[in-house]
Amino acid sequence: MLIEKGLAKPPGCAIVDPEEGLPMDIAALSVVSNQVQLKQQASLSVMKMVMNASQEQTNSLLAMTAGMSGEMESSVNPHLGSKLDVLV
């Protein structure tokens with residue numbers, strides 16, 4: 001069929017797509033597949049680093065605000081808690 005169309009099998013191509021009659025380069029497909037896999041792994045690693053950094057920032061912010069809640073309340077309402085009214 002390829003000979004009838006005038007297409008010869010290029011050197012280094014082991015498989016020819018039967019529908020299209022185009023050569024399939026297995027080595028090139030392997031390289032492209034590995035590059036895609038590497039890009040996905042790199043993207044996932046960067047995403048994990050961002051998530052960890054975000055979690056650390058959230059934890060430090062929560063720790064900072066937990067210690068400051070009493071100080072913030074007294075700065076907003078300085079008269080509260082300074083006197084104790086007792087009726088006997």
Side-chain angles (χ1 to χ4, degrees):
M1 181 172 179
L2 291 175
I3 298 173
E4 294 171 2
K5 292 182 180 180
L7 298 174
K9 181 177 166 184
C13 292
I15 299 175
V16 175
D17 188 3
E19 294 177 5
E20 298 288 326
L22 299 174
M24 295 174 53
D25 191 359
I26 301 301
L29 290 175
S30 175
V31 169
V32 169
S33 174
N34 287 335
Q35 288 176 345
V36 168
Q37 185 179 7
L38 179 64
K39 285 181 182 180
Q40 288 175 344
Q41 289 174 349
S43 176
L44 186 61
S45 295
V46 169
M47 185 175 60
K48 285 181 181 180
M49 288 177 9
V50 168
M51 288 175 59
N52 289 339
S54 175
Q55 185 66 36
E56 289 176 10
Q57 288 176 349
T58 301
N59 290 340
S60 65
L61 182 64
L62 289 174
M64 186 172 54
T65 56
M68 294 177 48
S69 63
E71 295 172 9
M72 291 174 60
E73 177 66 29
S74 65
S75 68
V76 174
N77 299 315
H79 62 280
L80 292 180
S82 61
K83 296 181 182 175
L84 180 64
D85 295 332
V86 178
L87 295 175
V88 181

> Hey, is the main chain of Gln41 close enough, under 3.5 Å, to the side chain of Ser45 for a donor-acceptor pair?
Replying inline: yes
> Out of curiosity, does Met51 fall in the hydrophobic cluster containing Leu44 (side-chain heavy atoms, cut-off under 4.5 Å, transitive links)?
Replying inline: yes
> Rounded to the nearest 0.5 Å, how far apart are NZ of Lys48 and OG of Ser43?
Replying inline: 11.0 Å
>> For residues 50-64, which residue pairs pass the side chain to side chain donor-acceptor pair (under 3.5 Å) check, not counting sequence neighbours?
In response: Gln55-Asn59
